[in-house]
Amino acid sequence: MAILDWIVIGVFVCALVGIVLWVVSQKNNDSADYFLGGRDATWIAIGASLFASNIGSEHLIGLAGTGAASGMAMAHWEMQGWMILLLGWVFVPFYSRSMVFTMPEFLERRYNSQSRTILSTISLISYVLTKVAVTVYAGGLVFQQVFGIKELWGIDFFWIAAIGLVVITAIYTIFGGMKSVLYTSVLQTPILLLGSLIILALGLKELGGWNQMLELCNVTPNYEGAQGTMIHLMRSNSDPQYPWLGALLGSAIIGFWYWCTDQYIVQRVLSGKDEREARRGTIFGAYLKLLPVFLFLIPGMIAFAIHQKYIGAGGEGFLPMLANGNPNSDAAFPTLVAKLLPAGVKGLVVCGILAALMSSLASLFNSSAMLFTIDFYKRLRPKTSEKALVRIGQAATVIIVILGILWIPIMRSVGDVLYSYLQDVQSVLAPGIAATFLLGICWKRASAKGGMWGLLSGLIIGLTRLGAKVYYSNTPDAAQTWFKSVFYDFNWLFFCGCMLVVCLLVVIIVSLCTKAPDPKKIEGLVFGTATPEQKAASRASWNKWDVFHTCVILGLTIAFYIYFW
């Protein structure tokens, strides 16, 4: 890192501090101000926040690393970002009418209080033990690689970077609330985009162009039983990791859960001043979401191609090597930053990385604090004043920060294993929640008990699957039984699809066997129940340009699939 790099980083930090101080000066008078920014966010802030919140360690390390290891296979998950459009066009009207703060609160309106408690519990646990922990763990690794510092003041630099990242982000999230998340995202998003585009351009220049990348990556991925080549999205259905049918089903289910029902994402849309701004924010976010494949996954493939080129020329490889002799694919993005970028530009990209990690953490802290405050504390003490709720939210953020830091040693000791299981966790978390929300909004007959048991069945099946993964991964000589075949050997993507079908059936069967919901209770919350006034308000919130941009996004997604088929 040159002096110019540190100057660039210093300017970025000063700009960030300035925004946070301005946000803090705009006092949070009540819980709506603190958690939803007063519900007055514009489409630019919403779209930028959706994108910046989404881009975290799973992209900086995971997506680029997967691109270097297996090529285009994981692009399915990124291209399912078109489902943000479903959030804007289909779900926003229902969420806006309900005037809820959280997704569990919406389930209570639609089903019952038990459904709210179940979803709140699932979300809080998953945020603290996966999203917060993985982002912090990866952040420490990224900065250790980029700065090239092993120790500072006799302390492992990983700890300084990881804990420093958590503490700085927590400070502005605690004092600024949702507004700080939204407005810092407006600064962070363009920096992240610019920095990643520079890496893409310099990587292709070092390699010799796009066609050179396609040629060097036209090889079989480095995992047992792999089918096809790295440059193709669609692998054979006999591929052990990414069968094309399973990839389409699994990525669609996870995408629907993440973009349309997860508090972490939907909270950005709930902060919109009206239905029009919320929808246009999702359209802007969908445009931005087309970029990560090119900003992170393809640079990972470029790093692999440069590695192959260097070895082919008789020199040392580009990527650092693991003890088993394979290149360390997870180091793809930070290695590109460290080896290819000139002074000044490296500082800009480091700012982009810092922006991505801080924005993801800030969103996680704010969403987690909101879930605890609104879905647990306020329900136990409904007469709590608005200012007290803000203080409780700030205290909850501190607790979540502490839990995240305490989890780092465990995360670091089993980091590779836990990170590889991250997609597995999402694949078993998503189906039950997706089924409950989908039928809750599309089917008037879905009953309170049907929704509750849909969530519970998903939780039980998912925990069984995860428990089996842990047990059988550490018991290689275990007997072959039907249980092992179903809950361990069965491809994780096909399992995700089957799990959705099971959860849908549970909701349908239980609903048909129990009392139908009161029409007044679900008015405006399900298709076919909106009043004429509500329908008119929704229709007035969009025009031909919203439809045009939606069609452009869908067209670009289809074109991408055709090109990389």
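Side chains are part of it too, since the values below use all heavy atoms of this structure and drop only hydrogens, waters and symmetry mates.
Side chains of Gln80 and Ser251: a donor-acceptor N/O pair is present below 3.5 angstrom, by distance only.
Taking OG of Ser70 as the reference point, atom CE of Met301 lies at 9.0 Å (rounded to 0.5 Å). Here the straight-line distance linking atom CG of Leu336 with atom CD1 of Ile198 works out to 13.0 Å at 0.5 Å rounding. A distance of 11.0 Å separates CD1 of Ile562 from OG1 of Thr557, quoted to the nearest 0.5 Å. The structure places CE of Met79 at 9.5 Å from CE of Met72, a figure rounded to the nearest 0.5 Å. Atom CD1 of Ile3 sits about 7.0 Å away from atom CD1 of Ile7, to the nearest 0.5 Å. For the atom pair Leu87 CG and Leu50 CG, the distance stands at 7.5 Å (nearest 0.5 Å).
Side-chain atoms of Ile302 and Leu204, non-hydrogen and from C-beta on, do get closer than 4.5 Å to each other. Side-chain contact between Pro243 and Ser238: absent, with no pair of heavy atoms (C-beta onward) separated by less than 4.5 Å. The shortest side-chain heavy-atom distance between Ile433 and Ser123 does not fall under the 4.5 Å cut-off. In this structure, the side chains of Met230 and Phe304 come closer than 4.5 Å at one or more pairs of heavy atoms. A 4.5 Å side-chain heavy-atom check between Trp257 and Leu500 finds every atom pair outside the cut-off. A heavy-atom distance below 4.5 Å is not found between the side chains of Trp244 and Trp565. In this structure, the side chains of Leu85 and Leu554 come closer than 4.5 Å at one or more pairs of heavy atoms. For the pair Met234 and Leu248, the minimum side-chain heavy-atom distance is below 4.5 Å.
Between the Glu277 side chain and the Trp43 main chain, a donor and an acceptor come within less than 3.5 Å of each other. Judged purely by atom type and a 3.5 angstrom limit, Asn237 uses its side chain to pair as donor or acceptor with the backbone of Leu245. For Lys309 (side chain) and Leu216 (main-chain N/O), no donor-acceptor pair under 3.5 Å exists by modelled atom type. The main-chain N or O of Tyr242 is found under 3.5 Å from a side-chain atom of Asp239 such that the two form a donor-acceptor pair.
Between Gly81 and Trp259, the closest heavy-atom pair is CA-NE1, 3.7 Å. The minimum heavy-atom distance linking Ile254 with Ala430 is given by the pair CA-CB, 4.0 Å. Across all their heavy atoms, Cys217 and Ala305 have their closest contact at SG-CB, 4.1 Å. Contact record, Leu214 with Ile231: O-CG2, 3.8 Å, taken as the closest heavy-atom pair. Cys260 approaches Met83 most closely through the heavy-atom pair SG-O, 3.6 Å. The two residues Met213 and Ile298 make their nearest non-hydrogen contact at SD-CG2, 3.8 Å.
Ion pairing of Asp546 with Arg279 is absent here, as no side-chain N (NZ or NE/NH1/NH2) approaches a carboxylate O to less than 4.0 Å.
Checked against a 6.0 Å centroid threshold, the rings of Phe495 and Trp492 do not count as neighbours. No close placement of the His76 and Phe564 rings is indicated, their centers lying 6.0 Å or farther apart. In summary, the aromatic rings of Trp89 and Trp542 are positioned with their centroids under 6.0 Å apart.
In this structure, Trp210 and Tyr563 have tilted ring planes: the angle between them lies in the 30° to 60° band. Phe548 and Trp545 have perpendicular rings, their planes meeting at more than 60° on a 0 to 90° scale where under 30° would count as parallel.
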Q: For Ile553 and Ile283, run side chain to side chain contact (heavy atoms under 4.5 Å, CB included): C-alpha distance rounded to whole Å, both residues' side-chain angles, the deciding distance at 0.1 Å, then the answer.
A: CA-CA 8 Å; Ile553 292 164; Ile283 293 171; 4.0 Å; yes
(Q) As a quick check of understanding, evaluate side chain to side chain contact (heavy atoms under 4.5 Å, CB included) for Val552 and Tyr287, giving each step before the final call. (A) CA-CA 9 Å; Val552 170; Tyr287 268 120; 3.5 Å; yes
Q: Please assess Ile46 against Phe284 for the test side chain to side chain contact (heavy atoms under 4.5 Å, CB included), listing each intermediate value before the final yes or no.
A: CA-CA 8 Å; Ile46 293 169; Phe284 180 41; over 6 Å; no
